[in-house]
Every structure is written in structure tokens, then in C-alpha cells.
Chemist: 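Here you go, one structure.
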2 protein chains.
Amino acid sequence: MQSHVNLPVMGEPTDVEVCDQWCATLRAVHVTSAALEHALEAEHGLGLSEFQVLLVLAGVEPGRAKMRLKDLEAKMYLSQSALSRTVARLHDAGLLTRAACELDRRALFVELSESGRKRYEDALPTHMRVLREQVAAV
Amino acid sequence: MQSHVNLPVMGEPTDVEVCDQWCATLRAVHVTSAALEHALEAEHGLGLSEFQVLLVLAGVEPGRAKMRLKDLEAKMYLSQSALSRTVARLHDAGLLTRAACELDRRALFVELSESGRKRYEDALPTHMRVLREQVAAV
DNA sequence: GAAAACTACATGCCCTTGCATTGGATGTCA
DNA sequence: TGACATCCAATGCAAGGGCATGTAGTTTTC
């Protein structure tokens with residue numbers, strides 16, 4: 001017979017606690033991702049991964065706006081191949097520019113275009129609104 | 001010029017804080033999901049969603065072991081169609097049984113088979129091990 | 001300085017997922 | 001009873017993702 005008591009244990013969490021916490025997080029992230037995806041797609045024609053790329057690119061300080069694809073990958077959650085395609089989609093949509101690096105011709109520099117920054121700034125309020133709704137819903 | 005100070009603000013988090021927290025969670029969940037997926041696949045031939053289904057089904061008290069697909073859906077993070085297919089895969093692998101409900105012939109009862117419960121119990125330690133590794137890594 | 005090892009990005013292939021739809025079963029209302 | 005809305009699960013389809021591989025460029029090693 002297991003105990004049902006829910007004491008506020010601050011020590012080592014049990015397996016059940018770790019597992020329940022993980023499952024809850026998994027659900028919450030799925031729900032929030034879906035809500036963001038829908039809102040961004042409907043209101044701005046952006047997927048969640050696409051928005052995340054814009055978010056990272058918009059975060060680099062101006063002047064040093066270019067970013068190597070590898071460095072972008074390190075700041076994201078996508079595999080190299082998925083990121084390559086996501087960037088390609090954004091490029092096709094005219095939201096960013098791709099440029100070869102002169103010093104290392106393997107590398108690819110990526111930079112927000114004017115319309116890319118515009119799109120990001122338009123989409124950010126949607127992103128924050130949905131995010132706060134979801135956080136509040138938990 | 002923005003402030004770099006990281007005071008332990010307990011009031012309303014700023015947009016930047018909410019956004020950073022979300023991005024960090026997104027990354028962490030992706031990393032942990034990938035680690036779980038790899039370990040479960042390599043050691044037990046299970047995908048993460050498949051394991052989650054087994055986990056839910058194993059959690060229902062014995063005697064009342066059957067579960068309607070709709071109820072399963074409510075406890076998961078998958079869409080109806082994805083769950084339908086995941087259950088189909090588990091069924092093909094012989095890990096669960098599907099049975100029509102007599103009272104409501106639209107519904108489908110799902111129940112862990114012997115080998116399904118065995119597989120789950122084998123996989124659970126792997127799941128917990130990887131989960132604790134990931135939690136520790138944060 | 002040539003070969004080998006490594007790195008960065010793109011792409012073919014396959015799998016999982018979600019949306020929209022279908023088909024069958026129930027429930028409701030007149 | 002018959003028409004209509006609703007509900008449950010399965011499936012066609014297309015999008016997105018990861019793994020393995022391909023290709024080009026760079027570094028290392030001898």
C-alpha cells in the first residue's frame with residue numbers, strides 16, 4: 001500500500017514525483033506550442049520554429065546582425081537539417097538574407113531582412129499575448 | 001539602455017523574462033525528449049509517445065484496467081489521430097489489446113497485454129534514469 | 001604538399017504528427 | 001419513427017523533423 005500523503009518534501013523527489021512533473025511539463029509545452037503555432041500561423045503566417053529563428057536573429061545586437069548558421073543552431077532546439085530547412089523557408093519568404101562567409105567559405109551568414117524584422121515585430125505581441133494566456137491557464 | 005540587474009523579482013515578470021523562460025523550457029523539453037526517445041528506442045524499441053501510452057495504461061488500477069480511447073486522449077498530449085495511430089502501432093506490436101465497447105459501440109477499449117506490461121516495466125527504469133540525468137543536467 | 005580527418009551546410013528518405021474528412025453509432029427533437 | 005446534430009475512431013494528405021549521406025571547404029598530420 002502506497003502513501004497518498006502529499007507532504008511538501010523539499011529533499012529528493014521520488015520517482016513518481018519526477019515522472020508526474022515531467023508528464024505535466026510535456027503536456028503543458030505541447031498545449032502552449034500548439035496555441036502559439038496556431039496564433040502565429042493565423043495572424044502572421046509563421047510557424048513556431050520560424051518565429052523562434054526570427055526571435056534569435058532579432059536578439060543579436062545591431063551592427064553585429066549577421067549570425068553563422070552553426071551559432072544559430074546552438075541557440076535553438078532544432079537539428080542541423082531542420083534548421084537548414086527552416087532558414088530556407090524564411091529565405092524563400094524574403095524574411096532573411098543568406099550570405100557566404102568570406103573567411104570560412106563553408107559557413108553561412110544569416111541576417112534578418114527589413115521585412116523580416118517587421119514581421120517579427122508584428123508577431124511578437126501575438127507571441128507574448130498567447131504565452132501569457134497559457135501561463136495564466138496553468 | 002536596458003538593465004542587466006537580475007533581482008529576484010517576485011511580482012509580475014516582464015515580457016523578456018516570460019519569453020526567456022519559455023525559450024529555455026522549450027529547449028530543455030526538446031533535449032530531454034530526444035534523450036528519452038533515443039534511450040527507449042535503443043533499449044526497448046519504444047518511441048516516447050508509445051511509452052507514454054503504456055505509462056498511462058499501466059497507471060489505471062487493476063480490475064478497471066480497460067480504458068476508452070477518448071479518456072486516454074484526455075490524459076495525453078497527442079491529437080486524436082496521432083493517438084489512434086500510436087495505439088495501432090502498439091497493438092501491432094502486441095503490447096495492448098483493443099476491444100469494442102458493448103454499451104457504446106463507437107468507443108474503443110484499450111488494455112495493456114501481458115507483454116505490454118512487461119515491456120513497460122522493463123522500460124520504466126530506463127525512463128527514470130534518463131529523466132534524472134536530464135533533470136540533473138539543468 | 002598530399003592525404004586524411006574534420007567541419008558546415010544541403011538534401012534524400014522515412015517517420016510522426018495534425019487537420020480535414022469519412023463512416024459508423026448515439027442522442028435529440030418533433 | 002424519421003431527420004438532424006453530435007460523438008468516436010480511422011484514414012488521406014501534407015507539413016515538419018531527424019538520421020544518414022553528399023558536397024564543398026578547412027585543418028591536421030606526416
Side-chain angles (χ1 to χ4, degrees), chain A residues 26-27 29-42 45-54 66-93 96-111, chain B residues 26-27 29-42 45-54 66-93 96-111:
Chain A
L26 209 44
R27 284 184 53 121
V29 166
H30 270 264
V31 169
T32 301
S33 292
L36 282 170
E37 181 95 43
H38 285 136
L40 289 170
E41 184 63 51
L46 288 172
L48 180 55
S49 297
E50 286 153 19
F51 178 82
Q52 290 287 332
V53 168
L54 298 188
K66 299 182 180 200
M67 190 169 203
R68 288 172 62 239
L69 208 50
K70 262 298 164 199
D71 300 331
L72 186 53
E73 186 185 336
K75 289 182 174 290
M76 295 259 325
Y77 53 86
L78 287 179
S79 69
Q80 183 268 319
S81 63
L83 180 60
S84 175
R85 284 184 243 253
T86 302
V87 164
R89 286 196 300 275
L90 289 169
H91 178 254
D92 291 349
L96 54 76
T97 60
R98 294 193 282 190
C101 169
E102 290 307 314
L103 285 78
D104 183 347
R105 300 181 54 76
R106 293 169 302 180
L108 190 73
F109 273 132
V110 165
E111 185 177 8
Chain B
L26 208 45
R27 284 185 54 120
V29 166
H30 269 264
V31 169
T32 302
S33 292
L36 282 171
E37 181 95 43
H38 283 135
L40 290 170
E41 183 63 50
L46 289 171
L48 180 55
S49 297
E50 286 153 20
F51 178 82
Q52 290 287 330
V53 168
L54 298 187
K66 299 183 180 197
M67 190 168 202
R68 288 172 62 238
L69 207 52
K70 260 299 164 198
D71 300 331
L72 186 53
E73 187 185 336
K75 288 181 175 289
M76 297 259 324
Y77 53 86
L78 287 178
S79 69
Q80 182 267 320
S81 64
L83 180 60
S84 175
R85 284 184 242 252
T86 302
V87 163
R89 285 197 299 275
L90 289 168
H91 178 255
D92 290 350
L96 53 76
T97 60
R98 294 193 283 191
C101 169
E102 291 306 313
L103 286 77
D104 184 347
R105 300 181 56 77
R106 292 168 301 183
L108 189 72
F109 272 131
V110 165
E111 184 177 8

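In what follows, every chain begins at residue 1, and chains take the letters A, B, ... in the order their sequences are listed. Computed from a prediction, not measured in an experiment: that's the story for all the values here.
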Chemist: Go nucleotide by nucleotide along DNA chain D from the 5' end; which of B:Arg68 and B:Ala82 gets its closest nucleotide reached first?
Modeler: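 Taking each residue's closest nucleotide, the earlier one in sequence belongs to B:Arg68.
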Chemist: So do B:Val53 and B:Glu50 actually touch side chain to side chain, heavy atoms under 4.5 Å?
Modeler: no
Chemist: Who are the side-chain contact (heavy atoms from CB on, under 4.5 Å) partners of A:Arg68, not counting sequence neighbours?
Modeler: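 Checked A:Arg68 against side-chain contact (heavy atoms from CB on, under 4.5 Å); matches are A:Lys70, A:Asp71, A:Ala107, A:Phe109.
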Chemist: Taking the side chain from A:His38 and the backbone from A:Ala34, do they hold a donor-acceptor pair closer than 3.5 Å?
Modeler: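 Checking the backbone N and O of A:Ala34 against the side chain of A:His38, a donor-acceptor pair under 3.5 Å is found.
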Chemist: Between atom CE of B:Met76 and atom CZ of A:Arg27, what is the distance when rounded to the nearest 0.5 Å?
Modeler: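 Here the interatomic distance stands at 9.0 Å.
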Chemist: Of B:Ser79 and A:Ala107, whose closest DNA chain C nucleotide lies nearer the 5' terminus?
Modeler: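 This one resolves to A:Ala107.
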Chemist: Rounded to whole Å, please give me the gap between NZ in B:Lys70 and P in C:dT26.
Modeler: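 From B:Lys70 NZ to C:dT26 P: 16 Å.
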Chemist: Give a yes/no answer on whether the side chain of A:His38 brings an N or O atom under 4.0 Å of OP1 or OP2 in C:dG18.
Modeler: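 Indeed not, no polar side-chain atom of A:His38 lies that close.
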Chemist: Hey, does A:Leu103 reach any base, or is it just sugar-phosphate, or nothing, if we go heavy atoms under 4.0 Å?
Modeler: sugar-phosphate
Chemist: Does A:Arg105 place a side-chain N or O at less than 4.0 Å from the phosphate oxygens OP1/OP2 of D:dT27?
Modeler: no
Chemist: Does A:Arg106 get its side chain close enough to the base of C:dC9, under 3.5 Å, for a donor-acceptor pair?
Modeler: no
Chemist: Using ring pair (Phe, Tyr, Trp, His ring centres under 6.0 Å) as the criterion, list what pairs up with B:His30, not counting sequence neighbours.
Modeler: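 Partners of B:His30 by the ring pair (Phe, Tyr, Trp, His ring centres under 6.0 Å) criterion, ordered by chain and then number, come out as A:Tyr77.
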Chemist: A:Gln52 versus B:Leu26: any side-chain heavy-atom pair under 4.5 Å?
Modeler: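 Yes; the side chains approach each other to less than 4.5 Å.
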Chemist: Please give, in whole Å, the distance from D:dA14 P to A:Glu37 CD?
Modeler: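 A:Glu37 atom CD is separated from D:dA14 atom P by 19 Å.
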Chemist: Check the distance between C:dT17's P and B:Gln52's CD and give it to me in whole angstrom.
Modeler: 11 Å
Chemist: Rounded to the nearest Å, what distance is computed from the CD atom of residue A:Glu73 to the P atom of nucleotide D:dG17?
Modeler: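 The answer, rounded to whole Å, is 13 Å.
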Chemist: Run B:Val29 and B:Thr32 through side chain to side chain contact (heavy atoms under 4.5 Å, CB included) and show every step you take.
Modeler: CA-CA 5 Å; B:Val29 166; B:Thr32 302; 5.9 Å; no
Chemist: Give a yes or no on this: more than 12 heavy atoms of other residues, nucleotides or ligands lie within 6.0 Å of atom CZ of A:Arg105.
Modeler: no
Chemist: Taking only the side-chain nitrogens and oxygens of B:Ser49, find out if one of them lies under 4.0 Å from OP1 or OP2 of C:dT16.
Modeler: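 Result: no.
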Chemist: Measure from the side chain of B:Asp104, starting at C-beta and using heavy atoms only, and say which of C:dG18, C:dA25, D:dG16 lies closest.
Modeler: C:dA25
Chemist: Whole-Å distance between C:dG18 P and A:Leu40 CG?
Modeler: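 For the pair A:Leu40 CG and C:dG18 P, the rounded distance is 17 Å.
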Chemist: Determine whether any donor atom in the side chain of A:Gln80 lies under 3.5 Å from an acceptor atom in the base of C:dA8, or the reverse, and answer yes or no.
Modeler: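 No such pair is found, so the answer is no.
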Chemist: From the list C:dC13, D:dG12, D:dG25, which nucleotide is the closest neighbour of the side chain of B:Arg85?
Modeler: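 Nucleotide nearest to B:Arg85's side chain: D:dG12.
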Chemist: Could you tell me how far apart B:Glu50 (CD) and C:dC15 (P) are, to the nearest whole angstrom?
Modeler: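 It works out to 12 Å between those atoms.
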Chemist: Is any side-chain N or O of A:His30 closer than 4.0 Å to OP1 or OP2 of C:dT17?
Modeler: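 Checking C:dT17 against A:His30, no side-chain N or O comes under 4.0 Å of OP1 or OP2.
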Chemist: If only side-chain N and O atoms of B:Ser84 are considered, is one of them under 4.0 Å from the OP1 or OP2 phosphate oxygen of D:dA10?
Modeler: yes
Chemist: Considering only heavy atoms and no angle criterion, is a donor-acceptor pair shorter than 3.5 Å present between the side chain of B:Ser81 and the base of C:dC19?
Modeler: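 In this structure, the two groups form a donor-acceptor pair.
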Chemist: I need the CG-P distance between B:Leu90 and D:dA9, as an integer number of Å.
Modeler: 16 Å
Chemist: Within this structure, what is the CZ-to-C1' distance between B:Phe51 and C:dT16, rounded to whole angstrom?
Modeler: 19 Å
Chemist: For A:Leu78, answer base if it contacts any base atom (sugar-phosphate contacts may also be present), sugar-phosphate if it contacts only those atoms, and nothing otherwise; contact means non-hydrogen atoms under 4.0 Å.
Modeler: sugar-phosphate
Chemist: What stems, by residue range, does DNA chain C take part in, given at least 3 consecutive Watson-Crick or G-U pairs under 3.5 Å?
Modeler: C:1-30 with D:1-30
